[in-house]
Amino acid sequence: MTNREEAEVQISELDLLSSMFPYEEEFSVTDQLAVAELKHYVENESAEMPSSKVQFILNVKPEVSNDSMVEFSMACALPLKYPTVLPEITVRSSLLSRSQQIHLNSDLKTYLMQNCSGEPCMLSAREWVKDHAAAYIDKELLSSSVTTSNAMRSEDITFTRLWIYSHHIYNKQKRKNIIDWAKELALSGFCMPGKPGVVCVEGLQSSCEEFWSRVRRLTWKRILIRHREDVSLEGGGHAEIQKQRKFSTLEEKCFDAHGARGNHMDLGQLYRFLEEKGCADIFQMYFGVEGH
């Protein structure tokens, strides 16, 4: 199979997964740029090989014997030579101990090596996880989780949106941290680098506070929470949280950078972006003037 044929197989499989699992809580691509590179490579014969692997998350909810729902997250990466080589898959769950997670992932890899070499196998891998992963769970952890889950249902959960202001955001590592930590904590929003720097994150209150705790520990000339929004959600289910979101993921936004160092953003474009998201009032909180 040629490199271009392998890329075509990857695009086809991604399209299939997207059609079978249309909701973000089931299937989400974590690196859209890699997908765009892959499509460009397939559609243009003169294009160079993509520089990065396509990465995505598949979430699986197998039923377990005591009627609680357990979720497994499959963090997947497709090497450039996939499906000639196997995909890179790591299965995680809060109910797996470290040794159980290693055991589960080792058994999944053995299954793929024996049954799927050279063929698209993401659906097969997902089915295997759905059918077998629950057997690896620590029964004591599972019992504790059910108790905690029931307790959480009786309490309100708080959805939080933080609007963070920084004197400037230039450093590439800080910008990468902001995006990576948001993904890890299931937060959406945006980051506008430059001078000044603007960061918005939204999601569960505990996740937003953990994000802020990490960010503020980095070295900054000046950084502060300019505004905070908290909404109490009865029941606190996933659907209620998703309804509150104004952003689907967290991405870096650059608005026609200018200035001697290319570090000043077009604030008019920022205002229009905030207006589209229903957040226009935030502009005055940041900059002390009405947007236009």
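Below, each value reflects all heavy atoms present in this structure, side chains not excepted, and no hydrogens, waters or symmetry copies.
Side-chain atoms of Thr30 come within 3.5 Å of backbone N or O of Gln55 as a donor-acceptor pair. Under the 3.5 Å distance criterion, the side-chain polar atoms of Gln284 are left unmatched by any main-chain donor or acceptor of Asp281. Without hydrogens or angle criteria, Lys174 side chain to Thr219 main chain gives a donor-acceptor distance under 3.5 Å. Arg4 places a side-chain N or O within donor-acceptor distance of the main-chain N or O of Glu45, the cut-off being under 3.5 Å. Counting only distance, with no hydrogens or angles, the side chain of Gln114 and the backbone of Tyr111 share no donor-acceptor pair below 3.5 Å. Without hydrogens or angle criteria, His103 side chain to Ser99 main chain gives no donor-acceptor distance under 3.5 Å. Under a 3.5 Å cut-off, the side chain of Tyr286 and the backbone N or O of Pro196 do not form any donor-acceptor pair. In terms of modelled atom types and a separation under 3.5 Å, the side chain of Asn44 and the main chain of Ala47 share no donor-acceptor contact. Judged by distance alone, with hydrogens and angles left aside, the side-chain atoms of Asp230 form no donor-acceptor pair with the main-chain N or O of Thr160 at under 3.5 Å. Between the side chain of Ser18 and the main chain of Leu14, no donor-acceptor pair closer than 3.5 Å is present.
The two residues Ala77 and Pro79 come nearest to each other via the heavy atoms O-CD, 3.3 Å. Of all heavy-atom pairs between Leu78 and Pro87, the closest is CD2-CB, 4.0 Å. Closest non-hydrogen pair, Lys109 versus Leu86, comes out as O-CD1, 4.5 Å. Trp163 and Glu229 make their closest contact through NE1-OE2, 2.7 Å (heavy atoms, listed as atom of the first residue, atom of the second, distance). The two residues Phe247 and Cys279 come nearest to each other via the heavy atoms CZ-SG, 4.4 Å. Contact between Pro62 and Lys130 at its shortest, heavy atoms only, is CB-O, 3.2 Å.
Under the side-chain contact (heavy atoms from CB on, under 4.5 Å) rule, Cys208 has a single partner from Leu185, Thr158, Leu162, which is Leu162. Put simply, the residue from Glu88, Gln10, Glu13, Lys53 that forms a side chain to side chain donor-acceptor pair (under 3.5 Å) with Tyr82 is Glu13.
Separating the CZ atom in Phe56 from the CZ atom in Phe21 is a distance of 10.5 Å, to the nearest 0.5 Å. To the nearest 0.5 Å, atoms OG (Ser124) and CZ (Arg126) are separated by 12.0 Å. Atom CG in Leu250 sits 9.0 Å away from atom CD in Glu202 (nearest 0.5 Å). To the nearest 0.5 angstrom, Lys246 atom NZ is 10.5 Å from Leu274 atom CG. The structure places CG of Leu58 at 5.5 Å from CG of Leu17, a figure rounded to the nearest 0.5 Å. Residue Ile169 holds its CD1 atom at 14.5 Å from NZ of Lys221, rounded to the nearest 0.5 Å.
At a cut-off of 3.5 Å, with distance as the only test, no side-chain donor of Asn171 or Lys176 sits close to an acceptor on the other residue. In this model, a donor atom of one side chain and an acceptor atom of the other lie less than 3.5 Å apart for Ser188 and Arg245. No donor-acceptor contact under 3.5 angstrom links the side chains of Ser93 and Glu71, judged on distance only. When only modelled atom types and interatomic distance are considered, Glu210 and Ser207 share no side-chain donor-acceptor pair under 3.5 Å. Remark: the Glu24 side chain and the Ser248 side chain contain no N/O donor-acceptor pair separated by less than 3.5 Å.
If you chain together hydrophobic residues whose side chains sit under 4.5 Å apart, Ile57 and Leu96 never meet in one group. If you chain together hydrophobic residues whose side chains sit under 4.5 Å apart, Leu112 and Val54 fall into the same group. Under a hydrophobic clustering in which Ile, Leu, Val, Met, Phe, Trp and Tyr are joined whenever their side-chain heavy atoms come within less than 4.5 Å, directly or via other members, Met122 and Met20 fall into the same cluster.
Using a 4.5 Å cut-off between side-chain heavy atoms of Ile, Leu, Val, Met, Phe, Trp and Tyr, Leu80 falls into a hydrophobic cluster with Tyr41, Met49.
Phe190 has its side chain out of reach of Glu252: every pair of non-hydrogen atoms, C-beta onward, lies at least 4.5 Å apart. Looking at heavy atoms from C-beta onward, Ile179 lies out of side-chain contact with Asn177 at the 4.5 angstrom threshold. Side-chain contact between Glu43 and Lys39 is present, with heavy atoms from C-beta onward closer than 4.5 Å. Taking the side chain as every heavy atom from C-beta outward, Lys253 and Cys191 never approach each other to under 4.5 Å. Proximity of Phe72 to Asn59: side-chain heavy atoms (C-beta onward) are nowhere separated by under 4.5 Å. When side chains are defined from C-beta on, Leu233 counts as touching Gln244, because their heavy atoms get closer than 4.5 Å. In this structure, Ile164 and Trp212 have side chains that are in contact, with non-hydrogen atoms separated by less than 4.5 Å.
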Run the salt bridge (Lys or Arg N to Asp or Glu O under 4.0 Å) check on Arg228 and Glu209 step by step: do they pass? CA-CA 11 Å; Arg228 176 181 183 133; Glu209 289 176 349; 2.9 Å; yes
